[in-house]
Enquirer: 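I'd like to ask some things about the structure below.
In this text the structure is predicted, and so the values were computed from the model without any measurement. In each ligand, atom 1 is the first atom listed, and ligand 1 is the first ligand listed.
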Amino acid sequence: MEDCIFCKIVAGEIPCFKVYEDERVLAFEDINPISEGHTLIMPKKHARNLWEIPEKDLTAIHLASQKVGNAIREALDPAGIAVLQLNGRGVNQVVMHYHLHLMPRASDHPELPVTCWEIKEGDMEAIKKTAEKIAEALE
Ligand code: 5GP
Ligand code: ZN
């Protein structure tokens, strides 16, 4: 895919700090890390988001996230690892090549902003209606 920065990383035209690679995926360090060990896992074949990525690549990414997550735990002993994946400009996806963020947090570091939203009780009737709408769309 022309002008895709992550495709250029896959092609070796832009360097990266690689941590893992297999036939389908590449995992590398984010150059603007939210925390030490912030790692991205992406398919080698371009797909923009969850709606486009083929099942085999999606599976490979999630299997790789377990391997890389184990390695992050062994190497950095974090308090926990947040996993995040953005789809669309409306939720601030910046690089339009599917990628999963693995964000470890050290126990003596502040909370990650992505993991500390305020819990407010929902409107059960509205939740039920939304669930029905989504379930219907799955039929
Ligand atoms: P998004 O908001 O699309 O989920 O996040 C894109 C991520 O890619 C950001 O965290 C950003 O720091 C990272 N990123 C952008 N350009 C590069 C790059 O050239 N190399 C690496 N390693 N990470 C990048
Ligand atoms: Zn791409």
Enquirer: Among protein heavy atoms, which sits nearest to atom 19 (O) of ligand 1, and what does the distance come to when rounded to 0.1 Å?
Expert: I5 CD1, 3.7 Å
Enquirer: Test your reading of the model: is there a side-chain donor-acceptor pair from E52 to the backbone of R48, 3.5 Å cut-off?
Expert: yes
Enquirer: Among N92, N49, D30, which one puts a heavy atom closest to atom 12 (O) of ligand 1?
Expert: D30
Enquirer: Could you tell me the separation between the CD atom of E132 and the CD1 atom of I127, rounded to the nearest 0.5 Å?
Expert: 12.0 Å
Enquirer: Side chains of I61 and Y98: does their closest heavy-atom pair fall under 4.5 Å?
Expert: yes
Enquirer: Under 4.0 Å, counting heavy atoms only: does F6 come that close to any atom of ligand 1?
Expert: yes
Enquirer: With a cut-off of 4.0 Å, which atoms of ligand 1 are near a heavy atom of V94?
Expert: 1 (P), 2 (O), 3 (O)
Enquirer: The Zn ion (ligand 2) is nearest to which N, O or S atom of H46?
Expert: ND1
Enquirer: On the 0 to 90° scale, with breaks at 30° and 60°, tag the H99-F6 ring pair as parallel, tilted or perpendicular.
Expert: perpendicular
Enquirer: To the nearest 0.5 Å, how far apart are CZ in R105 and CG in L76?
Expert: 14.0 Å
Enquirer: Looking at ligand 1, is there an atom of it that comes within less than 4.0 Å of some heavy atom belonging to I9?
Expert: yes
Enquirer: What residue and heavy atom of the protein are closest to atom 15 (C) of ligand 1, and at what distance?
Expert: V95 CG2, 3.9 Å
Enquirer: State if M96 counts as touching ligand 1 under the rule of any non-hydrogen atom under 4.0 Å.
Expert: no
Enquirer: May I ask you to test the P43-H97 pair for a side-chain heavy-atom distance under 4.5 Å?
Expert: yes
Enquirer: At what distance, to the nearest 0.5 angstrom, does CD of Q85 lie from CG of L102?
Expert: 12.0 Å
Enquirer: Among the heavy atoms of E29, does any lie under 4.0 Å from an atom of ligand 1?
Expert: yes
Enquirer: Measure the shortest side-chain to side-chain distance between K56 and R24 over non-hydrogen atoms and say whether it is less than 4.5 angstrom.
Expert: yes
Enquirer: Out of V91, N87, N32, I31, who is nearest to atom 21 (C) of ligand 1 when you count heavy atoms only?
Expert: I31
Enquirer: Report, rounded to 10°, the angle at the Zn ion (ligand 2) between the two atoms ND1 (H97) and SG (C7).
Expert: 110°
Enquirer: Is K44 salt-bridged to E21, cutoff N-O under 4.0 Å?
Expert: yes
Enquirer: Identify, by atom number and element, the atoms of ligand 1 in contact range of L86, meaning under 4.0 Å from any of its heavy atoms.
Expert: 2 (O), 4 (O)
Enquirer: By number and element, which atoms of ligand 1 are closer than 4.0 Å to a non-hydrogen atom of F28?
Expert: 21 (C), 22 (N)
Enquirer: Enter the distance from S35:OG to H109:NE2 here, rounded to the nearest 0.5 Å.
Expert: 9.0 Å
Enquirer: Nearest heavy atom to atom 4 (O) of ligand 1: which of H99, M42, M103 does it belong to?
Expert: H99
Enquirer: Identify, by atom number and element, the atoms of ligand 1 in contact range of L40, meaning under 4.0 Å from any of its heavy atoms.
Expert: 8 (O)
Enquirer: Classify the contact between H101 and ligand 1 as side chain, backbone, both or neither, using a heavy-atom distance cut-off of under 4.0 Å.
Expert: side chain
